[in-house]
Amino acid sequence: MDAAPFLADIAEAPKGAVCAWLSAGDGVRIRAAHWRTGTKGTVLLFPGRSEYIEKYGPAAADFAKRGYAMAVLDWRGQGIADRLLDDPAPGHVGRFIDYQKDVAAFLDFARGEELPQPWFLVGHSMGGCIGLRAIHEGLPVRAVTFSAPMWGIRISTFLKPVARAMSSLAGLVRMDGRLAPSTSRTTYVLDTSFEDNLLTRDADMFAFMQRQARAHPELTIGGPSLRWLSEALHETRALTSLATPMLPCLTVLGEAERIVDIPAIHSLMARWQGATLELIPNAEHELMMEGAAIRARFYDSAAKLFDAHRG
């Protein structure tokens with residue numbers, strides 16, 4: 001397997017990353033990396049929409065401090081995985097279930113690299129949606145921590161039927177690759193000022209994300225396509241109608257969250273037997289990109305859960 005590029009100059013990650021190209025079951029090429037920096041087990045990190053491996057270099061360092069190795073991937077259509085449209089700007093997927101093909105390839109990579117057992121899942125935003133589906137399909141992890149999981153998208157009650165209609169009709173008129181209304185071709189962190197952003201209240205971490213985007217724009221994407229939006233709305237509705245898994249679970253949510261659907265998270269967590277919902281004051285959507293105290297609280301909470309379920 002050819003080595004894939006890992007951009008260590010921008011990742012602020014532990015040394016010794018192993019990075020590789022993977023081929024999903026349908027031939028789409030994705031990218032994965034791991035840091036064998038701990039012996040307690042391995043965190044499989046499922047990133048959110050528009051994200052990429054290098055963004056989680058600091059996360060690998062934080063899990064290493066707590067004794068865990070970490071692996072992460074570029075989903076199809078983002079990072080430097082295969083883009084699915086001739087236009088590389090929109091975040092696009094043919095079907096949401098296709099992300100499970102990426103999960104399968106990622107698990108094969110983790111097995112082939114003999115990453116330390118047991119395995120645990122951290123799913124952020126869209127990665128929390130993909131991760132929940134993967135758990136239902138038998139993902140071999142002992143416990144899961146979700147960070148602001150996308151179990152619904154925050155759209156006003158008035159606009160929800162409009163969004164569903166537009167995204168569904170787009171495919172009929174061959175417009176499903178077009179950007180969703182009010183979104184931009186430019187990646188969010190370069191299209192928005194720190195003062196107006198919905199991701200983090202920490203200026204240093206926002207600057208970190210901007211530096212990565214400016215240094216390697218090929219890692220970035222813009223807003224979602226109409227097809228992605230339609231598929232995401234369908235998948236979140238389907239997932240929240242299922243019975244909750246029998247798996248130890250922690251969900252962490254910023255009290256200032258403005259991107260994902262908060263009631264959907266509360267509703268699902270209220271039904272998840274034995275699960276814990278932790279609310280963090282003064283935190284926005286990206287808990288792993290907040291200030292040092294909030295980041296430490298997130299990683300400590302996740303590691304405490306994982307430590308309790310290693311045996």
Side-chain angles (χ1 to χ4, degrees), residues 6-19 32-48 51-74 79 106 110 113 115-128 131 141-149 189 199-212 219 248-254 276 278-310:
F6 174 71
L7 306 174
D9 59 316
I10 61 167
E12 299 183 14
K15 294 181 180 179
V18 172
C19 195
H34 73 76
W35 291 263
R36 195 184 298 271
T37 48
T39 58
K40 287 183 175 181
T42 301
V43 173
L44 307 179
L45 198 149
F46 286 11
E51 297 183 326
Y52 46 85
I53 288 169
E54 286 78 3
K55 183 173 176 177
Y56 285 98
D62 277 297
F63 278 119
K65 291 175 186 175
R66 292 159 178 83
Y68 287 93
M70 195 189 91
V72 61
L73 74 162
D74 285 353
F106 187 49
E113 292 294 311
L115 295 183
Q117 296 274 4
W119 294 348
F120 303 93
L121 174 64
V122 169
H124 171 63
S125 196
M126 183 184 84
V141 294
R142 293 277 184 88
V144 56
T145 296
F146 292 112
S147 161
V189 296
L199 302 179
T200 176
R201 294 188 173 184
D202 187 78
D204 289 340
M205 292 304 289
F206 192 75
F208 164 74
M209 292 186 278
Q210 289 184 318
R211 286 196 304 273
Q212 289 188 326
L219 291 169
C249 170
L250 166 68
T251 292
V252 188
L253 184 67
T276 299
E278 182 174 343
L279 302 177
I280 299 186
N282 301 313
E284 295 271 3
H285 181 61
E286 296 205 10
L287 299 161
M288 289 177 276
M289 300 290 153
E290 280 287 4
I294 291 173
R295 295 199 309 273
R297 179 172 171 180
F298 176 85
Y299 293 117
D300 286 345
S301 294
K304 182 179 179 181
L305 175 71
F306 300 159
D307 287 347
H309 294 282
R310 290 180 58 226

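All residue numbers refer to positions in the sequence shown, counting from 1.
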Atom pair SG/CG of C19 and D74 - distance to nearest 0.5 Å: 7.5 Å
Proximity of F6 and W35 rings by center, below 6.0 Å: yes
Residue pair Q212 / A11: nearest heavy atoms and the distance that separates them: NE2-CA, 3.8 Å
Side-chain (R310) to main-chain (G41) donor-acceptor, under 3.5 angstrom: no
Interatomic spacing from CE in M289 to CE in M209 - rounded to 0.5 Å: 6.5 Å
With sequence neighbours excluded, residues passing ring-ring contact (aromatic ring centres under 6.0 Å, His included) with Y299: F63
Results of ring-ring contact (aromatic ring centres under 6.0 Å, His included) for F120 - residues two or more places apart only: Y68, F306
From NE2 (H309) to CG (D307), nearest 0.5 Å: 10.0 Å
Side chain to side chain contact (heavy atoms under 4.5 Å, CB included) assessment of F298 paired with V122: CA-CA 11 Å; F298 176 85; V122 169; 4.2 Å; yes
With E286 via salt bridge (Lys or Arg N to Asp or Glu O under 4.0 Å) - residues at least two apart: K55
Spacing of H285 atom NE2 and L253 atom CG [to the nearest 0.5 Å]: 9.5 Å
L250 versus A302, closest heavy-atom pair with distance: CD2-N, 4.1 Å
Exam field: side chain H124 to backbone S147, donor-acceptor pair closer than 3.5 Å: yes
Residues that R142 engages under salt bridge (Lys or Arg N to Asp or Glu O under 4.0 Å), provided they are two or more places apart: none
Nearest non-hydrogen partners of P149 and G128, listed with the distance: CB-CA, 4.2 Å
Atom pair CD (E54) and CG (D9), whose distance is rounded to the nearest 0.5 Å: 8.5 Å
Full working for side chain to side chain contact (heavy atoms under 4.5 Å, CB included) between T42 and H34: CA-CA 9 Å; T42 301; H34 73 76; over 6 Å; no
Salt bridge (Lys or Arg N to Asp or Glu O under 4.0 Å) against R36, all qualifying residues, sequence neighbours excluded: none
Closest non-hydrogen atom pair, M288 against L45: SD-CD1, 4.2 Å
Worked check of side chain to side chain contact (heavy atoms under 4.5 Å, CB included) between L305 and T276: CA-CA 10 Å; L305 175 71; T276 299; over 6 Å; no
Which atom of P116 lies closest to which atom of G38, heavy atoms considered: CG-O, 3.6 Å
Nearest non-hydrogen partners of L287 and I294, listed with the distance: O-CG2, 4.0 Å
Test side chain to side chain donor-acceptor pair (under 3.5 Å) applied to R211 - qualifying residues, sequence neighbours left out: E12
Side chain to side chain contact (heavy atoms under 4.5 Å, CB included) evaluation trace for I10 with F208: CA-CA 9 Å; I10 61 167; F208 164 74; over 6 Å; no
Modelled atom types, side-chain donor and acceptor of T200 and E290, under 3.5 Å: yes
Y52 and P47, any side-chain heavy atoms less than 4.5 Å apart: no
Carboxylate-amine/guanidinium contact D62 R66, below 4.0 Å: yes
